[in-house]
Amino acid sequence: MSAVATGYASPAGYAVPASYVVTGRHQETHDTATLTLRPGGQPIAPHRPGQFTMLYAFGVGEVPISVCSPAGGGELVQTIRAVGAVTKALCALEPGDRVGVRGPFGTDWGIGPDRGGDIAGPGRLPDPAGQDLLIVAGGIGLAPLRPALLTALAARERYGRITLLVGSRSPEEISFAGQFRDWASAGADVLVTVDRADTSWRGNVGVVTQLIDKVGIDPDRTVALVCGPEIMMRLTARTLAEVGLPETSIRVSLERNMRCGIAECGHCQLGPVLLCRDGPVLDYVRARPLMSIKEL
């Protein structure tokens with residue numbers, strides 16, 4: 001399998017990790033950190049919003065992590081939640097430390113101008129230029145959606161209304177909260193809700209799907225990007241379909257146990273789909289039968 005044929009990065013960062021240096025670290029929540037990475041040598045290929053890399057903590061192991069910086073530039077920004085040995089090691093890195101990076105891998109949200117057909121096949125999603133964007137995030141799912149939002153805001157004239165709906169378990173678990181005001185100033189409507197409020201919270205309380213009725217959408221001119229826990233994506237897609245949004249206009253990012261990133265090991269197989277190659281971003285027409293399998 002050649003890197004050119006699949007659209008993956010080659011040669012740096014394809015099968016062997018490229019060396020990157022941590023240049024910044026921000027603690028988002030008690031268990032989530034955002035790392036800024038710069039190449040320590042030959043960089044990997046430019047990523048597209050929604051793609052992921054395989055991050056390697058030296059001496060510990062490798063995990064798939066979505067890129068949360070906008071397309072372009074030599075810098076990678078990746079937000080990591082500490083849930084296992086590798087992610088805990090990555091979250092503990094400090095400026096000056098090194099990390100291995102392979103990628104970028106997978107399909108993207110389709111946001112931004114066409115780049116000459118660099119993704120081939122039925123998984124290619126078109127840029128919804130001229131349409132409204134509804135971006136729905138649950139918890140850490142905001143990280144892979146952030147580059148789509150930033151890319152759309154940087155080309156604000158290409159899109160209609162841009163709405164971001166964010167759901168979190170509690171106020172202290174909201175990632176990127178300090179950036180919401182900037183996103184609103186750049187032209188996005190931002191609404192946030194939490195499952196459990198504390199005494200300081202003055203915003204919405206409840207699941208993120210309750211915000212859909214608050215914003216109102218035009219189903220004939222809206223494309224929805226959805227990422228979060230599996231049950232949140234299923235319920236959000238169902239709610240959007242109930243208000244008239246076509247399944248072809250709903251895009252989700254699926255999570256699976258990815259090991260190689262190059263569609264060779266089979267760990268990410270879900271029915272007929274290898275998510276590291278055919279996903280993670282799929283339209284709901286393709287994703288719905290896969291998501292009917294309980295707990296991806």
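Side chains are part of it too, since the values below use all heavy atoms of this structure and drop only hydrogens, waters and symmetry mates.
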Kindly give the heavy-atom pair with the smallest separation between Val208 and Gly167, and that separation in Å.
CG2-N, 3.7 Å
Atom pair OG1/CG of Thr23 and Leu35 - distance to nearest 0.5 Å
9.0 Å
Are the side chains of Asp198 and Ser170 in touch, meaning some heavy atoms are under 4.5 Å apart?
no
Enter the distance from Ile250:CD1 to Met233:CE here, rounded to the nearest 0.5 Å.
12.5 Å
Set out, in order, the CA-CA distance, both residues' side-chain angles and the distance that settles side-chain contact (heavy atoms from CB on, under 4.5 Å) for Ile111 and Tyr159, then state yes or no.
CA-CA 10 Å; Ile111 302 300; Tyr159 306 98; 3.5 Å; yes
Kindly check if the number of other-residue, nucleotide or ligand heavy atoms within 6.0 Å of CZ (Arg238) is above 12?
no
Nearest heavy-atom approach of Pro49 to Ala148 is CB-N, 3.7 Å
Closest non-hydrogen atom pair between Glu264 and Cys260, with its separation
N-SG, 3.3 Å
Quick one: does Arg286's side chain have a donor or acceptor within less than 3.5 Å of a partner on Leu290's backbone?
no
Heavy-atom check, side chain of His267 versus side chain of Gln269, under 4.5 Å:
no
When clusters are formed by joining ILVMFWY residues with side-chain heavy atoms under 4.5 Å apart, either directly or through shared neighbours, do Leu90 and Val22 land in the same one?
yes
Solution key, residues 128-138 side-chain donor-acceptor pairs under 3.5 Å, sequence neighbours excluded:
residue : atom : partner : partner atom : Å
Asp132  : OD1  : Arg161  : N            : 2.8
Asp132  : OD1  : Arg221  : NE           : 3.3
Asp132  : OD1  : Arg221  : NH2          : 3.1
Asp132  : OD2  : Arg221  : NE           : 3.4

Mind checking whether Val60 and Leu37 sit in one hydrophobic cluster, side chains of I, L, V, M, F, W, Y counted as touching below 4.5 Å?
yes
Taking Ile44 as the starting point, is it possible to reach Leu93 by hopping between hydrophobic residues whose side chains are less than 4.5 Å apart?
yes
Backbone N/O of Thr199 and side chain of Arg202: donor-acceptor pair under 3.5 Å
yes
Just so I know, are the side chains of Val252 and Cys227 near enough to count as touching, which here means a heavy-atom distance under 4.5 Å?
no
Side-chain donor/acceptor of His47 to backbone N/O of Cys68, under 3.5 Å
no
What I'd like to find out is whether the side chain of Arg156 reaches to under 4.5 Å of the side chain of Ile162, using heavy atoms alone.
yes
Just by distance, with hydrogens left out, do Glu242 and Thr239 show a side-chain donor and acceptor under 3.5 Å apart?
no
Check the hydrophobic clustering (I, L, V, M, F, W, Y; side-chain heavy atoms under 4.5 Å; chains of links allowed) and say if Phe180 and Leu225 are grouped together.
yes
Any residue meeting side-chain contact (heavy atoms from CB on, under 4.5 Å) with Pro46, in chain and number order, not counting sequence neighbours
none
Test item: Ser249 side-chain N/O and Leu245 main-chain N/O as donor-acceptor pair under 3.5 Å
no
Spacing of CE belonging to Met291 relative to CG belonging to Leu270, to within rounding of 0.5 Å:
10.0 Å
Compare all side-chain heavy atoms of Arg169 with those of Arg196 and state whether any distance is below 4.5 angstrom.
yes
Got a donor-acceptor contact below 3.5 angstrom from the Ser69 side chain to the Val77 backbone?
yes
Modelled atom types, side-chain donor and acceptor of Tyr20 and Asp97, under 3.5 Å:
no
Drop me the distance from Leu76's CG to Ile65's CD1, to the nearest 0.5 angstrom.
12.5 Å
Is there side-chain contact between Asn204 and Lys214, with heavy atoms separated by less than 4.5 Å?
yes
Minimal non-hydrogen separation, Pro219 against Val243, with atom names
CG-O, 3.7 Å
Please check this pair: side chain of Trp201 against backbone of Gly203, looking for a donor-acceptor N/O pair closer than 3.5 Å.
yes
Verify side-chain contact (heavy atoms from CB on, under 4.5 Å) between Asp108 and Leu125, making sure each step is shown before the conclusion.
CA-CA 8 Å; Asp108 65 287; Leu125 295 170; over 6 Å; no
Give a yes or no on whether the backbone of Ala82 and the side-chain of Thr87 come within a donor-acceptor separation of less than 3.5 Å.
no
Does Arg251 use its side chain to pair, donor to acceptor, with the backbone of Trp109 at less than 3.5 Å?
yes
Out of curiosity, does Leu211 fall in the hydrophobic cluster containing Leu240 (side-chain heavy atoms, cut-off under 4.5 Å, transitive links)?
yes
Does any non-hydrogen side-chain atom of Leu164 lie less than 4.5 Å from one of Asp189?
no
Are the side chain of Gln78 and the backbone of Thr36 linked by a donor-acceptor contact shorter than 3.5 Å?
no
Short question: side chain of Arg38, backbone of Gly74 - any donor-acceptor pair under 3.5 Å?
no
Verify the distance criterion only: is there a donor paired with an acceptor across the side chains of Arg181 and Gln179 at less than 3.5 Å?
no
Determine, stepwise, if the pair Thr53 / Val67 fulfils side-chain contact (heavy atoms from CB on, under 4.5 Å).
CA-CA 7 Å; Thr53 64; Val67 183; 3.6 Å; yes
Give a yes-or-no answer on whether the side chains of Thr29 and Glu173 include a donor-acceptor pair shorter than 3.5 Å.
no
Shortest non-hydrogen contact from Asp278 to Pro272?
OD2-O, 4.3 Å
To the nearest 0.5 angstrom, please state how far the CD atom of Glu247 sits from the CZ atom of Arg288.
4.0 Å
Between atom OG of Ser175 and atom CZ of Arg146, what is the distance when rounded to the nearest 0.5 Å?
10.5 Å
List the steps, then state whether side-chain contact (heavy atoms from CB on, under 4.5 Å) holds for Ile174 with Val192.
CA-CA 9 Å; Ile174 300 174; Val192 184; 3.8 Å; yes
Given side chains that start at C-beta, do those of Leu235 and Val207 come closer than 4.5 Å, heavy atoms only?
no
Please verify the inter-ring angle class for Phe58 with Tyr56; under 30° counts as parallel, over 60° as perpendicular, anything in between as tilted.
perpendicular
Is a salt bridge present between Glu62 and Arg259, judged by a nitrogen-to-oxygen distance below 4.0 Å?
no
Show the nearest heavy-atom pair for residues Cys268 and Cys276, with the distance to one decimal.
SG-N, 3.3 Å
Classify the side-chain pair Arg81/Thr32 by whether it contains a donor and acceptor separated by less than 3.5 Å.
no
